[in-house]
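Each chain gets a letter, A, B and so on, in the order the sequences are listed, and its residues count up from 1.
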Amino acid sequence: MTYKDFLKDNGEGKWQDQWEKSQINRAEDFGSKPKKYVLDMFPYPSAAGLHVGHPEGYTATDIYSRYFRLKGFNVLHPMGWDAFGLPAENYAIKTGTQPKVITEQNIKTFKRQIMSLGFSYDWNREINTTDPNYYKWTQWIFLQLFKKGLAYEATVPINFCPSCKTGLANEEVKDGKCDRCGTEVIKKDMRQWMLRITAYADRLLSGLDNLDWTESIKALQRNWIGRSEGAEVDFAVIASEPSRAKRGNPAGSSRLSVGSDFLGMTIRVYTTRPDTLFGATYMVISPEHKLIEELKGKIKNIKEVEKYIAQAKNKTDLERTDLAKDKTGVELKGISAINPVNGTEIPVWISDYVLASYGTGAIMAVPYHDERDWEFANKFDLPIIQVVAPLFTAVTEKDKIKLDKETIRRKMVCVLVKHWADDSYYCLDWGKHDWKSFVMGGVEANETPEQAAVREMTEETGYQNVKSIKQIGGEIHNNHYAEHKGVNRYADSLCFLVELKNEKRSDKIDTEHHQGDWISSSEVKSFINLPNHKWYWDIFQNGEKAFVDIDSGVMINSEFLNDLRPSEAIGKMTSWLEENKCGHKAVNYKLRDWVFSRQRYWGEPIPLVYCENCKKQKQKVLIIHGWEGSGDGNWFPWMKRELEQNGFEVFTPTMTTSASPKIEKWMEELTPYMEKMGENDIIIGHSLGSNAALRLIEKTGKKIGHLFLVGSAIGKLSDELWKLFEQGAPSSDVKSLREFWEGRPIDWEKVTQLAINKNIILSDDDPYIHTDTHKDLPEGWNFELWHGHKHFTVFEAPEILKKVLACKTTGWIPVPENELPLTLPEVDKYEPTGTGESPLVNITDWVKTKCPICGGEAHRETNTMPQWAGSSWYWLRFIDPQNDKVFADLEKLKYFMPVDVYVGGAEHAVLHLLYGRFWNMVLYDLGYVPQEEPFTKLVNQGMILAENGEKMSKSQGNVINPDDQVKENGADAFRMYEMFMGPLEDAKPWNTKGIIGISRFLEKVWNLVNNFSNDGTITPELEILLHKTIKKVGEDIENMRFNTAISAMMVLINESKVVSKEFVEKFLIILAPFAPHMTEELWNKLGHKESIFKEAWPKYDESKIKDEEIELVIQINGKVRAKLKLPVDISEADAIKLAKEDDNVKKYLEGAEIKKTIFVANKLISFVI
RNA sequence: GCCCAGGUGGUGGAAUAGGUAUACACGCAGCACUUAAAAUGCUGUGGCCACAAGCCAUGCGGGUUCGAUUCCCGCCCUGGGCACCA
């Protein structure tokens, strides 16, 4: 039988069935072997079927998985379906078929196609995100986020696709268009569920550092998160009179003092360049800024401003962010702001080039050092102040600063002297100094820079009559060694253009150091060689731009910052702002919260119920005081009052044994309150009250919504500390206190389960409570260390109040976990409504429901989750796909996690991979998964392009169908060709002709194995090559360099003329991961009863991969002149001796002196003559 | 504009702790087998020169080095991502 017959007889299908039957690819839970979790990004089963891009990654992981099984690993290699999402739904609407039916069909097609390629998936673990048994847990995870306060409802302007009629996440918008359908998105105010991914921004960023991902994917995520450091600065707002002279810098008076015209409010800006504060000459606020509303009465041109705001609102995002567009804006007349650093009054503008959603929605404009402000200031004729000068430090040998010489600082001018008639400029050639410059010189004490420019011009050129003089550009600094003076020079220089009137010239010309001549303007650029003069010439030719380079500057016009480098000035200014209480260090991110709801049908229902009644119900707060305290002391009465004003019901009981605390007594007195508390309610414990709160929850076993432990007395103190307690309060009952505090251990596990949100707040200067008593907290406790709060014994505690107010219920009640999954109802019509609600809103008997808490009338949330929800945790479910108690058993997770290798397309770099990491981190914080980061190693396969090098697309008709390829060449050849095309990560064009090379190779192997004679022995050379190949193929697979592994096997087969059985068997095993069907067949033909995949990967013999003879290269002056076949490990002396005897080498060495000989063992000899 | 990746024969690509550039494969040419073609096998295949020797070639221009595809500096081009993010 030929290889072609094998393919024709469906030999591949035969083995696929056999593998499925024997369950050879099954991964064992808790196997004794080392584990490997090899994961593909599970596909979205589209109607178009499998694309050639899919099998690329799948083949890579398949080879990898099969290799590690042969190496004795328990490999988890699963596959599933990411099946919710818009395409199926849109297709359903078009064809009138249920999305569920379409999805089932698509999955069937995908599965058939994937199976036809012989991948070694453990199909027992197949999952489907649209299966209620799966999305039950997607919903459950959402509820955990909700309970943690990481999911919230907000009506915000979001990206909306008018065609898909749904809101989109930032990540789903590409070039202002919907990622799915290409329609231009608009901004629309919509009620949304948002996920607080920004709370994890820092961890999502820092977590990247330790991951084995390509730097480019990490860079994409870092860019997307977009962290920047800077400062927030407050500018006081004052009423301004147009007639009044602008305020200068009120020397001697406090810069922060503002007069009677102060309007009692400030504009806060965010800047990454606090160093440039002295250059801030105006402010800009975004059209959405809330200040407009507050200042309405003060703004004199409010009509004009409101008109501008309306216009900005009507623009699409694409229009607003179009870079080509002219900047627009309106000044807020009647108000001004005060630059806090120098007291200068500056105008406030409104413009849509400032985004409401970033930073504070307002900026200080520093036009000289920001391109956008530069453009705006020039357009509206606003003042521009330079505060950073470019600094040129000489680097050439001659000009380099000499540390042993004195540095003379002075003001200088650079003069562009323009010819009276020609377009040429007078330039100087400094001969032995290697300088070629314009006219230049120092400014004397008694003259202005302009006067100096004219004087220098006259001295150095002799010309006398000036037609005009004009400054070019700003101030620049220059630091170099002046050889002709023997000193270092630091120059602050300005540049002037001096146009001559006529040729009148004196003959008293200074030519001591230089010769002058006219250079035509087209040649000036190449003539001049001083970088600072080149800089000015560039400005003269091309106009001035904003100077934004932070690294090559030095501060000027900035009082206490002068002469600092900007990087130093940023720190100094930030400290100044903090000291003067008008600003502070701040960090900002480009990352926005995740718009999580979709107004569509085909997604997981969000398992929340809205209950008006519960919203009206007062939330209860129980405040438990500490040792020797009372409900009427400390900040408790204040807190009670504040909370009651905000609609809470507050209990502040006083314990009868406050001073000699007894646990039993406290529990007895607190339990009645506890009975009133529920999953929405809040307990605050202070000091020993925290300890009591924990014991109360433990004793009653009741679930509680939020627990706040403030200055909490928990953990064990040392005997010395207790002694101090006794000495400090001799009359008090410290013994009882100690018995209460640490007499009996707290059941932390139980309390952690019962309290949904757990917060501990300590102060770093608390005299009683030391943070080390809190260091063994279990997972899931939110620990905050505040500064300067002592033991929290004050009459008002606004910071704590703020935290409690944030727990206020919204009326949204989670569907009880035992009622999950909340299944997606079957509907006849699933067209999007476009009203901001999903089609589910029309299923009245589904929407109307009973409140799980009060049993009253309530309605369900009708928005559904985005497609990304199901894929944000699926790798966890593969580990325990049938579990109906938890999404996955923690012990199993501990065994299989993390994913060792994750392979998929780079298009998911910021969507799936960011969301997935976020969910995994949240689950980690809640103690449900063992690692913070799910994917240790990430590999992005490159795109497979069409034969013409363009992207494959249906419209171009250049799509390669995997089915056709398998039919024509077999699965083995198709898989191997995809791997042979080039490095996995690279984009590479498909070449249908190329696959024949693989077919020829497989056929060669087939014939070799079928025809070898049993008594054959192989040559020593072939033996060496076999062992080398085993080594290389193994290493290449581990590094996912499949193309070179295949090439190595080809080399081996090309050299194999006579082979032995042992040779054939070893070779088949190393080929098996690549071509599983054919090798299994041949293995069987060789008489083996068991599968080849039950074998072990052959060991290579280190002693057998050493060649006996090597080729030594002889170079002369780096050029190859001879190659000698020599025994391996030949000594340096012998090799050199033999090299010198070579005819060609002799020819070159004849009569020459060998200055140096370089010997690299087993590689080369290099003679230098 | 900013960030990332890359640029090697006719084509896909090998080779970088600096050490024989072009492995392997496609394609092409020639030969063998055949009445012929296909298939298969063998041989050749960067350019100049064409026997050898030599010279020139890894986007372009410089630099470091005995020696650079590999390291450094400056450009050009292609692909991907971000983009009025202060």
*Start with the C-alpha gap between A:Glu215 and A:Arg222, add the side-chain angles, then the distance that decides, and say whether salt bridge (Lys or Arg N to Asp or Glu O under 4.0 Å) holds.*
CA-CA 10 Å; A:Glu215 279 307 312; A:Arg222 287 193 185 110; 3.7 Å; yes
*Determine, step by step, whether A:Glu1111 and A:Lys1123 satisfy the salt bridge (Lys or Arg N to Asp or Glu O under 4.0 Å) criterion, reporting the C-alpha distance in whole Å, the side-chain angles of both residues, the deciding distance to 0.1 Å, and the verdict.*
CA-CA 6 Å; A:Glu1111 199 177 53; A:Lys1123 297 171 185 179; 5.2 Å; no
*asked:* Walk me through whether A:Tyr282 and A:Phe376 qualify under ring pair (Phe, Tyr, Trp, His ring centres under 6.0 Å).
replied: CA-CA 10 Å; A:Tyr282 64 101; A:Phe376 193 83; 5.7 Å; yes
*In sequence, state the C-alpha distance, the side-chain angles, and the governing distance for A:Arg227 and A:Asp202, and then conclude on salt bridge (Lys or Arg N to Asp or Glu O under 4.0 Å).*
CA-CA 8 Å; A:Arg227 186 191 147 98; A:Asp202 238 348; 3.2 Å; yes
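Comparing B:G54 with B:G59, their C1' atoms are spaced 27 Å from each other, to the whole Å. Nucleotides B:C75 and B:A29 are separated by 46 Å at their P atoms, to the nearest Å. Rounded to whole Å, the C1' atom of B:U16 lies 40 Å from the corresponding atom of B:C31.
Residue A:Ser1166 has its side chain nearest to B:C66 when only B:C24, B:C66, B:C3 are considered. Minimum atom distance to the side chain of A:Asn1117 is reached by B:C66, of the listed B:C66, B:G80, B:G81. Among B:U20, B:G54, B:C84, the nucleotide with an atom closest to any side-chain atom of A:Asp352 is B:C84. Closest contact between the side chain of A:Lys993 and the listed nucleotides B:G12, B:G27, B:C24 involves B:G27. With B:C66, B:A86, B:A53 as the choices, the nucleotide that has an atom nearest any side-chain atom of A:Lys1156 turns out to be B:C66. For A:Ser216, whose side chain is taken as the heavy atoms from C-beta onward, the closest listed nucleotide among B:C55, B:A86, B:A5 is B:A5. Distances were taken from every side-chain heavy atom of A:Ala219 (C-beta onward) to each of B:C4, B:G13, B:C84; the shortest belongs to B:C4. For A:Val1113, whose side chain is taken as the heavy atoms from C-beta onward, the closest listed nucleotide among B:U20, B:A25, B:C66 is B:U20. For A:Ser1047, counting side-chain heavy atoms from C-beta on, the closest listed nucleotide (B:A23, B:U20, B:A25) is B:A23. Comparing B:G81, B:C66, B:A86 by their closest approach to the side chain of A:Asn223 singles out B:G81.
The pair A:Lys545-A:Glu371 does not meet the salt-bridge criterion, since no charged nitrogen lies less than 4.0 angstrom from a carboxylate oxygen.
In this structure, A:Tyr358 reaches the B:A86 phosphate: one of its side-chain N or O atoms is under 4.0 Å from OP1 or OP2. Look at A:Arg1000 and you'll find a side-chain N or O under 4.0 angstrom from OP1 or OP2 of B:C26. Side-chain nitrogen and oxygen atoms of A:Thr1044 include none within less than 4.0 Å of the OP1 or OP2 phosphate oxygen of B:A23. Between A:Lys1119 and B:C56, a side-chain N or O to OP1/OP2 separation shorter than 4.0 Å is present. Contact annotation: A:Arg1121 does not reach the phosphate of B:G67 (side-chain N/O to OP1 or OP2, under 4.0 Å). Within the 4.0 Å cut-off from OP1 or OP2 of B:C82, not a single side-chain nitrogen or oxygen of A:Arg222 is found. A close approach under 4.0 Å does not occur between any side-chain nitrogen or oxygen of A:Asn991 and OP1 or OP2 of B:A25. OP1 or OP2 of B:G54 sits under 4.0 Å from a side-chain N or O of A:Asn1144.
Atom pair A:Met1049:CE and B:A23:C1' shows a separation of 15 Å (rounding to whole Å applied). What separates CG of A:Leu220 from P of B:A5 is a distance of 10 Å, to the nearest Å. The CZ-C1' distance, from A:Arg1041 to B:A15, rounds to 12 Å in whole Å. When rounded to the nearest whole Å, the span between CD of A:Glu1111 and C1' of B:A21 equals 14 Å. For A:Glu978 and B:C26, the CD to P distance is 18 Å, given to the nearest whole Å. Rounded to whole Å, the distance from CD1 on A:Ile1169 to C1' on B:G67 is 14 Å. Between A:Met364 atom CE and B:A86 atom P there is a gap of 12 Å when expressed in whole angstrom units. In this structure, the NZ atom of A:Lys1004 is 11 Å from the P atom of B:C24, given to the nearest Å.
Of all the heavy atoms in A:Ile350 and A:Val284, the pair that sits closest is C-CG1, 4.1 Å. A:Val388 and A:His369 get closest at one heavy-atom pair: N-NE2, 3.0 Å.
Residue contacts shown for A:Lys988 are limited to sugar-phosphate atoms, with no base heavy atom under 4.0 Å away.
Residue-to-nucleotide contacts include no donor-acceptor pair under 3.5 Å from the side chain of A:Glu371 to the base of B:G1. Side chain A:Lys327 to base B:C84: a donor-acceptor pair is found below 3.5 Å.
Using N1 to N3 plus N6-O4 or O6-N4 for Watson-Crick, or N1-O2 and O6-N3 for G-U wobble, each under 3.5 Å, B:U69 pairs with nothing. When Watson-Crick and G-U wobble pairs are counted only if both distances are under 3.5 Å, B:G74 pairs with B:C60. With a cut-off of 3.5 Å on both Watson-Crick or G-U wobble distances, the partner of B:A15 is given as none. When both distances must be under 3.5 Å, the Watson-Crick or G-U wobble mate of B:G1 is B:C82. Of all nucleotides present, only B:G44 satisfies the Watson-Crick or G-U wobble test against B:C28, with each distance under 3.5 Å.
Comparing A:Lys590 and A:Val1120, the nucleotide of RNA chain B nearest to each residue sits closer to the 5' end for A:Val1120.
Without hydrogens or angle criteria, A:Asn1162 side chain to A:Asp1129 main chain gives a donor-acceptor distance under 3.5 Å.
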